Asker: 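Before I ask anything, here is the structure I am working with.
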Amino acid sequence: MALRLYNTLTRRVETFDPLQPGRVSLYVCGMTPSFHPHLGHARTFLTFDVLVRYLRARGFEVTYVRNITDIDDKIIERANAEGVAWDDVVNRYYGEFTVCAQRLGLLTPSVEPRATDEIPGMVDFIRRLVELGAAYETADGVYFSVAHDPRYGSLSRRNLDELRAGERIAVREEKRDPLDFALWKKAKPGEPTWPSPWGPGRPGWHIECSAMCRRYLGDQFDIHGGASDLVFPHHENEVAQTETVTGKHPMARFWIHAGLLNVDGQKMSKSAGNFVPLPELLDRFPAAAVRYLFLQTGYRKPSNFSLAALEAAVRGLRGLYADVDALPSGPLVPDGPTAAGERLALPDEFASYLDDDLNTAGALGWLQRALRAQRAAGTDPATRDARARTLRACLDVLGLPPSGAHASLTARTVEVRLDDGHRKLLAAIAGDEAPDDRALIQRVVELRQAARARRDYAESDRLRDVLGRAGIVLHDGKNGTEWRFHEPA
RNA sequence: GGCGACAUAGCCAAGUGGUAAGGCAGGGGUCUGCAAAACCCCGAUCCCCAGUUCGAAUCUGGGUGUCGCCUCCA
């Protein structure tokens, strides 16, 4: 059984073999923190998160690099508009991303380099390109000469003449070719700068990734990833820069691109008004449900997001965990956390789905079937335990919590807050001061319990109804009554 | 205009030559004071047309439709 992945470079699904046996080098383009992280970021990073988890489960030692491009036009724009320092903008939005990443259970990359920490490396890189005659200086910067690279356009399968015909940006007179792109931008007033042989300025987009890939993974490495909107021009330009300097092809043996996220059938964008900020979304919905939602779709396909789809995912996950939490408890794997290089015992069938270009939807389907079978069977205790352990290992590879997710799926992370009318109503029923809304609700729930205990079902139903109108849903279980806020769709 | 992806039940979605996974919603049932949850059971011949084949959702050709990239973007 071999892992097969779709390679953008060849436009085919190919068997994955790393350059060095047992070791995988992976670079993923991270975010540019010029605005809130959004759902599209989540989808892309979740995709590579599962890839890394699976590679590790297969026994590969993975070096996972995910960068931060913490300097670019939009960051500066934003900072100027707000009258704050550029790095304040970066810290704010990257901080948001870090919190979201943690909630989503994204693995921490092996290295997470920041572009602005790598500028000397970029300057060296650019200097070398100039020496090779592949780059030239102009009044406002240093540009890469596309004409110097005979292979330019091959990753994204672009025809240069057509690209030139479609060029919409006003051609700067000093650029030798409209397709040439900036390696270094000379400073303009009000911009952060770093020193260089071409005067103070800042790096252009693309060069940071070339420099960081090379520094952390070498001239050639196994997998370069990102979302599919980066294929052109970002990755094409990265390839041009790197391969010109190293003289080696290919820079990355596999280029893997995650599909874009659409919202209600349209591309998500700020201007379309369907931008989904991640922090808010994760306040309102369980992060595991977001992961589950994306696991249900092939990572390369465009994914249509809607609130209805997420809500269906919440319900689906809840059902999944009803089964998972019923599994015999026990450690995820016999010997605790997976040591590097240790191979998790995944069921062959489950693994065969992931082998097939990371078919998480198929794998999830298998898991559901297995859980149903587990429910039905469950005779011999030894078998049960072994199967439970195996199923938990599957969850782990997908990055889903091993168990105990029920509480996090029902409890909202939003503050418990009643509006004044409902608060008065409940306080009148409770007939007592409560320190806060949560306690107030609890008191009314207890009154209803008491009514049930004395079989006063009319009163019990009345209290359920009053709470219901305040947006609170009750569940009577063996261990008492649970309540939660119900969010209207 | 150029390049590309996709089109499977009400919705999401897997499946790339041998007679359609899974989830959500819906219906029926068990359980529950009621309700919820949970558990059991129930559903599609795969956008259209023409081909290839013993056999196609799966291959070829032609349509139609949706979306994306070509400019900043995960």
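Model, not experiment: these values are computed from the prediction.
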Asker: How do A/Gly30 and A/Leu364 order along RNA chain B: which one's closest nucleotide is nearer the 5' end?
Answerer: A/Leu364

Asker: Tell me every residue that passes ring pair (Phe, Tyr, Trp, His ring centres under 6.0 Å) with A/Phe232, counting only those two or more places apart in sequence or in another chain.
Answerer: none

Asker: In the structure shown, which nucleotide is the Watson-Crick or G-U wobble counterpart of B/G33, with both distances under 3.5 Å?
Answerer: none

Asker: Mind checking what makes salt bridge (charged side-chain N to carboxylate O under 4.0 Å, His left out) contact with A/Asp70, not counting sequence neighbours?
Answerer: A/Arg114

Asker: Atom CG of A/Leu261 to atom C1' of B/A74: distance rounded to whole Å?
Answerer: 9 Å

Asker: Report the residues that fulfil salt bridge (charged side-chain N to carboxylate O under 4.0 Å, His left out) with A/Asp456, sequence neighbours left out, ordered by chain and then residue number.
Answerer: A/Arg454

Asker: Ignoring hydrogens and geometry beyond distance, is a side-chain donor-acceptor pair present between A/Ser306 and A/Asn304 at under 3.5 Å?
Answerer: no

Asker: Between C1' on B/A74 and CD on A/Glu208, what's the gap in Å once rounded to a whole number?
Answerer: 14 Å

Asker: Not counting sequence neighbours, which residues clear salt bridge (charged side-chain N to carboxylate O under 4.0 Å, His left out) with A/Arg462? List them please.
Answerer: A/Glu459

Asker: Judged by each residue's nearest nucleotide on RNA chain B, which is more toward the 5′ side, A/Arg448 or A/Gly298?
Answerer: A/Gly298

Asker: Consider the side chain of A/Thr32, meaning its heavy atoms from C-beta on, and name the nucleotide among B/A74, B/A38, B/A14 that approaches it most closely.
Answerer: B/A74

Asker: State which residues pass ring pair (Phe, Tyr, Trp, His ring centres under 6.0 Å) with A/Phe275; sequence neighbours excluded, sorted by chain then number.
Answerer: A/Phe35, A/His38

Asker: Compare the minimum distances between each of B/G15, B/A74, B/A35 and the side chain of A/Asn359, then state the nucleotide with the smallest one.
Answerer: B/G15

Asker: Does the side chain of A/Lys175 come within less than 4.5 Å of A/Phe181's, by heavy atoms?
Answerer: no

Asker: Between B/A38, B/G68, B/A74, which nucleotide gets closest to the side-chain atoms of A/Asp229?
Answerer: B/A74

Asker: Which residues pass the salt bridge (charged side-chain N to carboxylate O under 4.0 Å, His left out) test with A/Glu14, sequence neighbours left out?
Answerer: A/Arg12

Asker: Can you give one letter per nucleotide of nucleotides 23-31 of chain B, going 5' to 3': B for a protein heavy atom under 4.0 Å from the base, S for sugar-phosphate only, - for none?
Answerer: SSS------

Asker: Could you check whether A/Arg452 gets within reach of a base, just the sugar-phosphate, or nothing at all, counting any heavy atom under 4.0 Å?
Answerer: base

Asker: Using side-chain contact (heavy atoms from CB on, under 4.5 Å) as the criterion, list what pairs up with A/Pro250, not counting sequence neighbours.
Answerer: A/Leu9, A/Gln220, A/Glu243, A/Arg253

Asker: Reckon A/His38 touches a base, only the sugar-phosphate, or nothing at all at heavy-atom distances under 4.0 Å?
Answerer: base

Asker: Listing time: all N or O pairs from protein to nucleotides 2-6 of chain B that are below 3.5 Å?
Answerer:
{"from": "B/G2", "atom 1": "O2'", "to": "A/Glu162", "atom 2": "OE1", "distance (Å)": "2.5"}
{"from": "B/G2", "atom 1": "O2'", "to": "A/Glu162", "atom 2": "OE2", "distance (Å)": "3.2"}

